[in-house]
Amino acid sequence: MADYFEYRHVVGFEETNLVGNVYYVNYLSWQGRCRELFLRAHAPEVLADVLGDLKLFTLKVDCEFFAEIGVFDELSVRMRLAELRQTQLEFTFDYIRLDAEGAERLVARGRQRVAFMRGPNTATVPTPVPEPLVRALEAYTPPPRLRSSV
């Protein structure tokens with residue numbers, strides 16, 4: 001089993017700029033889409049709670065680009081849990097271009113930090129990451145890397 005959650009996407013014309021490459025803001029949109037589909041598939045209780053008073057605040061997003069992609073490129077957006085704190089978590093996203101022969105190329109890498117809050121919009125307070133989400137994310141945490149003794 002893979003240590004990432006995967007969202008597959010085919011780039012459309014509406015996601016490209018006048019030159020024909022994907023407009024950068026779409027990478028951030030795909031991060032959000034990947035996160036939402038993960039919740040739908042693995043933690044639907046949390047999605048239901050979001051429709052109540054649970055709020056997910058995106059505190060930080062970033063994306064580093066390594067290669068350009070264009071219309072009809074097929075992507076695998078791979079999300080992993082990078083860090084889990086009491087009221088926040090951070091995901092990493094690898095954007096992999098897939099070709100017809102099955103070759104993969106890393107074209108971008110991103111991060112997203114999310115805080116969990118509850119309460120009315122004028123008085124939200126931090127709340128623990130919901131337990132169903134913590135359990136669902138266990139499979140998507142990469143193993144710790146071995147440290148070199150050098």
Side-chain angles (χ1 to χ4, degrees), residues 1-17 21-98 102 104-147:
M1 183 174 139
D3 67 348
Y4 55 83
F5 175 78
E6 180 180 50
Y7 160 56
R8 290 276 182 116
H9 183 76
V10 176
V11 175
F13 284 114
E14 73 279 4
E15 297 169 308
T16 61
N17 59 23
N21 355 347
V22 168
Y23 187 59
Y24 74 92
V25 76
N26 288 296
Y27 290 85
L28 304 181
S29 176
W30 298 333
Q31 284 184 18
R33 180 82 172 144
C34 188
R35 183 181 78 183
E36 291 164 6
L37 291 175
F38 174 83
L39 290 172
R40 179 177 175 232
H42 297 287
E45 317 88 323
V46 175
L47 263 186
D49 202 5
V50 168
L51 296 175
D53 78 332
L54 180 66
K55 296 169 177 62
L56 281 66
F57 283 80
T58 302
L59 302 176
K60 178 182 177 183
V61 295
D62 66 49
C63 196
E64 184 176 9
F65 306 100
F66 308 121
E68 291 182 356
I69 56 174
V71 70
F72 301 127
D73 279 342
E74 186 174 345
L75 290 179
S76 167
V77 181
R78 298 175 181 173
M79 182 182 83
R80 292 178 177 88
L81 177 66
E83 182 179 27
L84 174 62
R85 294 188 178 182
Q86 186 177 0
T87 63
Q88 296 181 14
L89 51 80
E90 186 166 294
F91 296 113
T92 61
F93 297 86
D94 289 338
Y95 300 83
I96 310 293
R97 182 174 55 215
L98 308 170
E104 299 183 349
R105 180 173 183 198
L106 179 67
V107 296
R109 182 168 283 146
R111 295 181 83 80
Q112 185 179 106
R113 179 165 287 284
V114 178
F116 292 79
M117 309 283 277
R118 286 195 187 275
N121 288 339
T122 57
T124 56
V125 294
T127 191
V129 176
E131 194 56 39
L133 180 55
V134 172
R135 284 192 307 273
L137 287 168
E138 287 174 355
Y140 301 99
T141 306
R145 296 181 183 213
L146 296 175
R147 296 178 92 165

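From a predicted model like this one, the values you see are computed outputs, not experimental measurements.
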Which pair of heavy atoms, one from [X] and one from [Y], lies closest together, and at what distance?
{"X": "L89", "Y": "L84", "answer": "CB-CD1, 4.2 Å"}
{"X": "V46", "Y": "P130", "answer": "CG2-CB, 3.9 Å"}
{"X": "K55", "Y": "G119", "answer": "NZ-O, 2.6 Å"}
{"X": "L98", "Y": "E104", "answer": "CD2-CG, 3.6 Å"}
{"X": "V77", "Y": "C34", "answer": "O-SG, 3.9 Å"}
{"X": "N26", "Y": "E15", "answer": "ND2-O, 3.0 Å"}

Working to the nearest 0.5 Å, report the span between [atom1] of [X] and [atom2] of [Y].
{"X": "N17", "Y": "Y23", "atom1": "CG", "atom2": "OH", "value": "8.5 Å"}
{"X": "E6", "Y": "L37", "atom1": "CD", "atom2": "CG", "value": "11.5 Å"}
{"X": "E74", "Y": "R97", "atom1": "CD", "atom2": "CZ", "value": "12.0 Å"}
{"X": "H42", "Y": "L47", "atom1": "NE2", "atom2": "CG", "value": "12.0 Å"}
{"X": "E90", "Y": "Q112", "atom1": "CD", "atom2": "CD", "value": "9.0 Å"}

(request) Given side-chain contact (heavy atoms from CB on, under 4.5 Å), test D73 with R105 step by step and report yes or no. (result) CA-CA 11 Å; D73 279 342; R105 180 173 183 198; over 6 Å; no
Decide yes or no for [X] and [Y]: does some side-chain heavy atom of the first lie under 4.5 Å from some side-chain heavy atom of the second?
{"X": "R118", "Y": "T124", "result": "no"}
{"X": "F116", "Y": "L56", "result": "yes"}
{"X": "F91", "Y": "Q31", "result": "no"}

Are there over 12 heavy-atom neighbours, none belonging to [X], within less than 6.0 Å of that residue's [atom1]?
{"X": "F13", "atom1": "CZ", "value": "no"}
{"X": "Q86", "atom1": "CD", "value": "no"}
{"X": "E68", "atom1": "CD", "value": "no"}

(request) Look at the aromatic rings of F38 and F5 and report parallel, tilted or perpendicular, splitting at 30° and 60°. (result) perpendicular
(request) Evaluate side-chain contact (heavy atoms from CB on, under 4.5 Å) for V22 paired with W30, printing each intermediate quantity in order. (result) CA-CA 12 Å; V22 168; W30 298 333; 3.6 Å; yes
(request) Examine Y95 together with Y27 and report whether their ring centres are nearer than 6.0 Å. (result)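 Y95 vs Y27: aromatic centres under 6.0 Å.
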(message) Given D94, which partner from the list R111, R78, R109 fulfils the salt bridge (Lys or Arg N to Asp or Glu O under 4.0 Å) test?
(response)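 Considering R111, R78, R109, a salt bridge (Lys or Arg N to Asp or Glu O under 4.0 Å) with D94 is found only for R109.
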(message) Suppose we screen for side-chain hydrogen bond (donor to acceptor under 3.5 Å, both in side chains). Which residues come up paired with Q88, at least two apart in sequence or across chains?
(response)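 By the side-chain hydrogen bond (donor to acceptor under 3.5 Å, both in side chains) rule, Q88 matches R113.
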(message) side-chain contact (heavy atoms from CB on, under 4.5 Å), that's the test. Do M79 and T92 meet it? Break it down for me.
(response) CA-CA 6 Å; M79 182 182 83; T92 61; over 6 Å; no
Let me check something: any side-chain donor-acceptor pairs from residues 131-139 under 3.5 Å, sequence neighbours excluded? List them with distances.
none

